[in-house]
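Everything below concerns the one structure shown next.
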Amino acid sequence: GNNRWGQSVALCKKDNLFKDAMEYAAESKNAEVAEDLLAYFLEHRAYDCFAACLFQCYDLLHPDVILELAWRHNIMDFAMPYLIQVMREYVSKVDRLEEAENLRISEKKETEYKPVVMESQPQLMLTGPAGFPGATPATTGFNHVGASPAAPAGTYTIPGQMPSYQGYSM
């Protein structure tokens, strides 16, 4: 596991194969292995290797740790390209988050203030009198089967049409 990566890096350091050591540290995906290699470079004043390792192990490193190491060893010039890249990446992330948040807020405002269609337009009574609550065929003169209650037994009216008029004649 992780110990094998550490052993590989240690062997590379022993043989002065610093490029290979950096590659193994990066492949380990372990921040501790990468930070140990950086400490080795600082102890041996191999500042160019320190700078190269910052990019080789970029995703494993903590920028605050790198800033402190560079400051304590007075090698800010070697760490500055890495720190500039980190700053650019963070600013880009913050910009994208702000855009996403602003978009979310504007979409939320649109949905909050968007009137519901039914509230802004009058309701149309398309169902006719039978659509009123409590309406029955007896109170409306219509039933939903097609037969009129006023029609004599055995007669049939066409569904959807008015029943024949059975009122007073003149």
Could you state the interatomic distance from SG (Cys57) to CD (Glu23), rounded to the nearest 0.5 Å? 10.0 Å

Any heavy-atom pair between the side chains of Gln85 and Tyr58 that's under 4.5 Å? yes

Are the side chains of Phe18 and Cys53 in touch, meaning some heavy atoms are under 4.5 Å apart? no

Are any of the side-chain heavy atoms of Leu42 and Ile75 separated by less than 4.5 Å? yes

Side chain proximity check, Phe41 to Met22, heavy atoms < 4.5 angstrom: yes

So with a 6.0 Å cut-off around CE of Met76, is the heavy-atom count from everything else above 12? yes

With hydrophobic residues grouped by side-chain heavy-atom distances under 4.5 Å, do Met87 and Met80 end up in a single group? no

Among Val65, Asn30, Leu60, whose side-chain contact (heavy atoms from CB on, under 4.5 Å) with Glu35 holds? Val65

Do you know the tightest heavy-atom contact between Tyr82 and His62? OH-C, 4.2 Å

Please verify the inter-ring angle class for His44 with Tyr40; under 30° counts as parallel, over 60° as perpendicular, anything in between as tilted. tilted

Starting at NZ of Lys19, measure out to CD of Gln56 and round the result to the nearest 0.5 Å. 8.0 Å

Does Phe78 have its ring centroid less than 6.0 Å away from the ring centroid of Tyr47? yes

Between Leu97 and Glu101, is there a side-chain heavy-atom distance shorter than 4.5 Å? no

If you measure from the Lys or Arg side-chain nitrogens to the Asp or Glu carboxylate oxygens, is any gap between Arg104 and Glu107 under 4.0 Å? no

If every non-hydrogen atom of Pro63 is compared with every non-hydrogen atom of Tyr90, which pair is closest and at what distance? CG-OH, 3.5 Å

Within 6.0 Å of CG in Asn74, more than 12 heavy atoms from elsewhere: no

Atom pair NE2 (His73) and CD (Glu68), whose distance is rounded to the nearest 0.5 Å: 10.0 Å

Less than 4.5 Å apart, any side-chain heavy atom of Leu38 and any of Leu61? yes

Same cluster for Ile84 and Phe50 if Ile/Leu/Val/Met/Phe/Trp/Tyr side chains link at under 4.5 Å? yes

Using every non-hydrogen atom in the two residues, find where Leu37 and Ala25 come nearest and quote the distance to one decimal. CD2-CB, 4.0 Å

